[in-house]
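Beneath this line is the structure, given in structure tokens, with notes to follow.
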Amino acid sequence: MNRITVYERANFEGLSREFTCDVPDLHELDFGDCIASLKVVGQPWIAYTDPKYEGEPHAFEEGEYPSVGRPNSFSALRLVHHDLGDPQITLYEQPNFQGACKVVTEETNLAYGYFNDRVASHVVQRGVWLLYQHPGRGGWHCLAWPGERLADYKLELNFQARLSHLRPLRPGRPLVSARLLWEQKRVEAEREVLVDEIEGVNETESEQALAASSSREYGTTLWQSFHFSNATSLKAGLSFTLTVEASNIFTVQKGRSESSTRRERVEVQLPAKIPPRTALSIQVLRKEVTLSVPVLLTITQNEAVRTEMGEYRSVSGTNISARYSLKPLPAAGREQAATEGTEPVPGTGMEL
């Protein structure tokens, strides 16, 4: 999952190499001092200007870099294995962790506050941090690693009272796989909706066609959504796919696309003929089912695996069927008798 691909020319051209573990000396692999562009998947990598992780460090987080700030100068590569999910560093105004202090948990431009150019020591609780001389990630910079206790900027970095900007390295995007637990599904509602009603009457003594076509098309709708747990650790923008069935692969993007609506058309077969002297009644019905299904999310990040639960919900109206009934018409003789019944002659009490 964690890898870096390096290229000898800008825009990912020329010779290339792919690495998945630390490289203390690129010259031993015939790729030293020649990197001009690179791609990172997963955790960040640190490129050093000298072998054995010496010299100026340059951090590359997940993404593509058509060009690099120091082309043809990298001699070593190191993968950042540390947990970068909850960074924290404490800055101190005086050496040996004395004086006023400031706890930082996110990228911060110290020039906007009261701690600019005042830091003399630090303790890194969590994460890997980049420390910059100037605001806006400018000037000389260095790395601070988890657990690091740097007691005196002046003696160890020649950097006292010069820190103006700092930021934690971002972790690589986690890989998420989702599995629907169908055995635990819950049907919350079920109903039939009348979509169409068709009537046909054949008063003749021979079979008659109902219509020119023996089928009709109707629209169907499937609304579906995914709900993350309140305690989810996944960040906005993360996406993964949920295979509901072979023809329904639902892409979830947290915070942006957590629901979808699919509309299709289906063909419903209708009776082609009406028997002699028969009334045909057809009801076209759409069955709507509301259900919820637990989803097990397996999250892999920086070679660590964890799980959490979510929920898939859908309102499906994709099942359309026709229900019909046949009713014989009264016999012709009976209709005539009813129509031609005798009437009494006025004033005589006799019937004609």
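Here, residue 1 is the first one in the sequence, and each next residue gets the next number. Predicted, not measured: the structure shown is a model, and the values here were computed from it.
A donor atom on one side chain and an acceptor atom on the other are not found under 3.5 Å apart for Thr290 and Glu188. Side chains of Glu308 and Thr232: a donor on one and an acceptor on the other come within 3.5 Å. A donor-acceptor contact closer than 3.5 angstrom is absent between the side chains of Thr251 and Gln253. His27 and Asp33 share a side-chain donor-acceptor pair at under 3.5 Å.
Here the two rings, on His58 and Phe74, have centers that are under 6.0 Å apart. The aromatic ring centres of Phe250 and Phe226 sit 6.0 Å or more apart.
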### Query
Given the rule in the side-chain contact (heavy atoms from CB on, under 4.5 Å) test, do Ile89 and Val123 qualify, once you have shown the distances and angles that lead to the verdict?
CA-CA 6 Å; Ile89 185 173; Val123 175; over 6 Å; no
#### Entry: Chi angles and distances behind the side-chain contact (heavy atoms from CB on, under 4.5 Å) call for Leu91, Val104
CA-CA 8 Å; Leu91 309 176; Val104 181; 4.1 Å; yes
### Message
Applying side-chain contact (heavy atoms from CB on, under 4.5 Å) to Tyr218 and Val268, what does each step give before you reach the verdict?
### Response
CA-CA 7 Å; Tyr218 296 94; Val268 177; 3.7 Å; yes
### Query
Going through the distances and angles, do Arg17 and Glu8 end up as a salt bridge (Lys or Arg N to Asp or Glu O under 4.0 Å)?
CA-CA 9 Å; Arg17 297 286 188 277; Glu8 68 169 339; over 6 Å; no
### Task
Assess whether side-chain hydrogen bond (donor to acceptor under 3.5 Å, both in side chains) is satisfied between Glu56 and Thr49, documenting all intermediate values.
CA-CA 5 Å; Glu56 186 177 330; Thr49 53; 5.6 Å; no
### Query
Under the salt bridge (Lys or Arg N to Asp or Glu O under 4.0 Å) criterion, do Asp196 and Arg216 qualify, and how do the steps go?
CA-CA 10 Å; Asp196 196 4; Arg216 288 192 182 184; 3.1 Å; yes
### salt bridge (Lys or Arg N to Asp or Glu O under 4.0 Å) evaluation trace for Glu258 with Arg313
CA-CA 11 Å; Glu258 297 175 16; Arg313 296 179 63 85; over 6 Å; no
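Distance alone, capped at 3.5 Å, places no donor-acceptor pair between the Asp152 side chain and the Glu156 backbone. The backbone N or O of Thr105 lies less than 3.5 Å from no partner atom in the side chain of Gln88, so there is not a single donor-acceptor pair. A donor-acceptor contact shorter than 3.5 Å is absent between the side chain of Asn302 and the backbone of Ala304. Although no hydrogens or angles enter the test, the distance criterion places no donor-acceptor pair under 3.5 Å between the side chain of Gln224 and the main chain of Ser260. Arg126 places a side-chain N or O within 3.5 Å of a backbone atom of Asp86 that can act as its donor or acceptor partner. Checked by atom type and distance alone, the side chain of Thr108 pairs as donor or acceptor with a backbone atom of Glu106 at under 3.5 Å. The closest donor-acceptor contact from the side chain of Thr243 to the backbone of Glu245 lies at 3.5 Å or more, if one exists at all. Checked by atom type and distance alone, the side chain of Glu288 never pairs as donor or acceptor with a backbone atom of Ser316 at under 3.5 Å. Between the side chain of Asn2 and the main chain of Gly42, no donor-acceptor pair closer than 3.5 Å is present. Not a single donor-acceptor pair under 3.5 Å links the side chain of Asn11 to the backbone N or O of Glu13.
For Thr278 against Pro276, the heavy-atom pair with the smallest separation is OG1-O, 2.8 Å. Of all the heavy atoms in Ala144 and His122, the pair that sits closest is CB-NE2, 3.8 Å. Ala111 approaches Pro135 most closely through the heavy-atom pair CB-CG, 3.7 Å. Considering every non-hydrogen atom in both Ser229 and Met309, the closest pair reads CB-O, 3.5 Å.
Hydrophobic cluster membership differs between Ile320 and Val289, with clusters built from Ile, Leu, Val, Met, Phe, Trp and Tyr side chains linked at under 4.5 angstrom. Both Val284 and Tyr324 belong to a common hydrophobic cluster when Ile, Leu, Val, Met, Phe, Trp and Tyr are linked at side-chain heavy-atom distances under 4.5 angstrom. There is a path of hydrophobic side-chain contacts, each under 4.5 Å, that joins Tyr312 to Phe228.
Arg191 CZ: 12 or fewer foreign heavy atoms inside a 6.0 Å radius.
One finds no salt bridge joining Glu192 and Lys287 here, because no Lys/Arg side-chain nitrogen approaches an Asp/Glu carboxylate oxygen to under 4.0 Å. In summary, Asp25 and Lys52 do not engage in a salt bridge, as defined by a charged side-chain N under 4.0 Å from a carboxylate O. Ionic pairing of Glu61 and Arg167 is present here: one or more N-O contacts between side-chain nitrogen and carboxylate oxygen are shorter than 4.0 angstrom. Between Arg3 and Glu62, no side-chain nitrogen of the basic residue sits less than 4.0 Å from a carboxylate oxygen of the acidic one, so the salt-bridge criterion is not met. Residues Glu207 and Lys273 are not paired through a salt bridge, judged by the lack of any N-O separation under 4.0 Å between the basic side chain and the carboxylate. The existence of a salt bridge linking Lys185 and Glu183 is excluded, since no basic side-chain nitrogen approaches an acidic carboxylate oxygen closer than 4.0 Å. A salt bridge is absent between Glu203 and Arg277; no separation between the charged side-chain nitrogens and carboxylate oxygens falls under 4.0 Å.
Note on ring orientation: taking the six-membered ring where Trp is involved, the planes of Tyr48 and Tyr53 are perpendicular (angle over 60°, cut-offs 30° and 60°). Using the six-membered ring where Trp is involved, His141 and Tyr132 have ring planes that are tilted, between 30° and 60° apart.
Looking at Val195 and Leu285, their side chains never come closer than 4.5 Å, going by heavy atoms from C-beta outward.
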